[in-house]
Amino acid sequence: MKFLEYTPLDRLNDFLSRVNFGERTIKGCLEAYSCKHTGTDKKLSLSLEHEILDYLGKSSDTDSSSPAEYLLSRSSRKTLIYLVLTLYHMYPDYDFSLVKAHQFFTEESWDSFKQIFETYMLEASREWIEANGGNSLLEALYKALDEVVRLSECEIYSYNPDCDVDPFLEKGSIWSFNFFFYNRKLKRVVSFRFCCISNLMADGFLDDLCYEDDGEIFDGMDM
């Protein structure tokens with residue numbers, strides 16, 4: 001996997017690096033990668049493939065929606081490996097469990113992504129229009145993604161891990177979303193993560209407040 005630099009993504013990243021609304025901040029980041037394996041990727045890819053096949057051998061799932069059914073397809077296993085490799089490159093110090101990671105990958109449509117984006121990024125979109133005018137934030141995002149990965153040819157995936165195994169989760173996080181736009185023909189993937197963070201929690205204000213409250217409780221006690 002190789003990180004790819006694209007000016008349209010840089011412009012969006014500059015805006016989404018920190019959109020502050022006082023008590024909360026919305027942040028986002030887009031990263032593009034080539035799916036061509038490096039030396040390290042080849043070893044990890046083989047390891048992931050062996051883990052998948054081992055999982056399939058031990059699985060007794062018969063439900064058509066089960067991970068085993070999905071992974072029986074060679075192309076599905078390859079897609080999963082590319083997405084997990086992308087995660088490893090985004091967070092090289094984090095250990096992603098393959099089976100657990102697969103259970104969180106869900107194929108999405110542009111319409112479902114659009115609905116989530118317009119609902120949760122409404123305030124950020126207003127800020128974008130005030131700062132840049134012209135097209136909306138979603139339109140600018142669509143144009144940039146289309147330039148990099150040709151959206152009409154893309155498969156869209158979401159990654160929704162449990163909170164205790166989420167490398168994307170920051171202190172004070174209120175909500176977060178992680179999407180991958182994968183073009184099989186171009187062998188290219190763009191990751192897009194965006195989240196909302198409570199500035200009070202992130203700055204430790206609520207922790208200090210709780211500590212002060214505890215202190216008041218003990219003020220009248222003999223210690």
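Residues take their numbers from the sequence shown, with the count starting at 1.
In this structure, CG in Leu141 is found 9.5 Å from OG in Ser125, a value given to the nearest 0.5 Å. Note that CE of Met121 and CZ of Arg126 are 13.0 Å apart. Values are rounded to the nearest 0.5 Å. Atom OH of residue Tyr6 and atom CG of residue Leu30 lie 13.0 Å apart, to the nearest 0.5 angstrom. Residue Glu155 holds its CD atom at 13.0 Å from OG of Ser109, rounded to the nearest 0.5 Å. The CZ atom of Arg150 lies 8.5 Å from the NZ atom of Lys185; values are rounded to the nearest 0.5 Å. Rounding to the nearest 0.5 Å gives a distance of 10.5 Å between CZ of Phe177 and SG of Cys196.
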Intermediate values then yes/no, side chain to side chain contact (heavy atoms under 4.5 Å, CB included), Ser191 and Arg193: CA-CA 7 Å; Ser191 68; Arg193 55 192 184 276; 4.0 Å; yes
Cys35 vs Val189, side chain to side chain contact (heavy atoms under 4.5 Å, CB included): CA-CA, chis, key distance, verdict: CA-CA 7 Å; Cys35 294; Val189 60; 4.2 Å; yes
Side chain to side chain contact (heavy atoms under 4.5 Å, CB included) evaluation trace for Leu151 with Phe181: CA-CA 8 Å; Leu151 278 176; Phe181 300 84; 3.7 Å; yes
CA sep, side-chain torsions, deciding dist, call: Lys114, Ile116, side chain to side chain contact (heavy atoms under 4.5 Å, CB included): CA-CA 5 Å; Lys114 178 181 176 182; Ile116 291 172; over 6 Å; no
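Nearest heavy-atom pair across Ala144 and Leu9 is CB-CD2, 4.1 Å. In terms of heavy-atom proximity, Val190 sits nearest to Ala32 at CG2-CB, 3.9 Å. Leu138 and Trp110 make their closest contact through CD1-CZ2, 3.9 Å (heavy atoms, listed as atom of the first residue, atom of the second, distance). Closest approach of Ile174 to Ile197, counting heavy atoms only: CD1-C, 4.2 Å. Residues Leu12 and Leu137 approach most closely at CD2-CD1, 3.8 Å, considering heavy atoms. When all heavy atoms of Ile156 and Phe179 are compared, the pair lying nearest together is CG2-CD2, 4.1 Å.
The main-chain N or O of Gly22 is found under 3.5 Å from a side-chain atom of Asn199 such that the two form a donor-acceptor pair. When atom types are taken as modelled, the side chain of Asn132 and the backbone of Trp128 share a donor-acceptor pair closer than 3.5 angstrom. At least one donor-acceptor pair under 3.5 Å links the side chain of Asn183 to the backbone N or O of Val149. Remark: the backbone N or O of Tyr33 is not paired with any side-chain donor or acceptor of Arg188 at under 3.5 angstrom. Judged by distance alone, the side chain of Glu118 and the main-chain N or O of Gln115 form no donor-acceptor pair under 3.5 Å. In this structure, the side chain of Ser112 does not engage the main chain of Glu108 through any donor-acceptor pair within 3.5 Å.
Linking Ile, Leu, Val, Met, Phe, Trp and Tyr residues whenever their side-chain heavy atoms come within less than 4.5 Å leaves Tyr88 and Leu4 in two separate clusters. Hydrophobic clustering places Leu85 together with Phe3 (ILVMFWY residues linked when any side-chain heavy atoms are closer than 4.5 Å, directly or through intermediates). Residues Phe21 and Leu200 do not share a hydrophobic cluster, defined by chaining ILVMFWY side chains whose heavy atoms lie under 4.5 Å apart. Cluster membership for Phe192 and Val19, using ILVMFWY side-chain heavy atoms within less than 4.5 angstrom, is shared. Following chains of ILVMFWY side-chain contacts shorter than 4.5 Å, one can reach Tyr82 starting from Tyr91, so the two form part of one hydrophobic cluster.
Residues Lys27 and Thr25 have side chains in contact (heavy-atom distance under 4.5 Å, counting atoms from C-beta outward). Looking at Met90 and Glu31, their side chains come closer than 4.5 Å, going by heavy atoms from C-beta outward. Residues Leu16 and Cys29 form no side-chain contact, since every pair of their non-hydrogen atoms from C-beta on lies 4.5 Å or further apart.
Ring-plane geometry between Phe113 and Phe194 is classed as perpendicular, the angle between the planes exceeding 60 degrees on a 0 to 90 degree scale with a lower cut at 30.
Of the listed residues (Val84, Thr106, Asn178), just one forms a side-chain contact (heavy atoms from CB on, under 4.5 Å) with Tyr159, and that residue is Asn178.
Not less than 6.0 angstrom separates the ring centroid of Tyr182 from the ring centroid of Tyr157.
The pair Glu123-Arg24 meets the salt-bridge criterion, since a charged nitrogen lies less than 4.0 angstrom from a carboxylate oxygen. Salt-bridge formation is not detected for the pair Arg184/Glu153: no Lys NZ or Arg NE/NH1/NH2 atom is positioned less than 4.0 Å from an Asp or Glu carboxylate oxygen.
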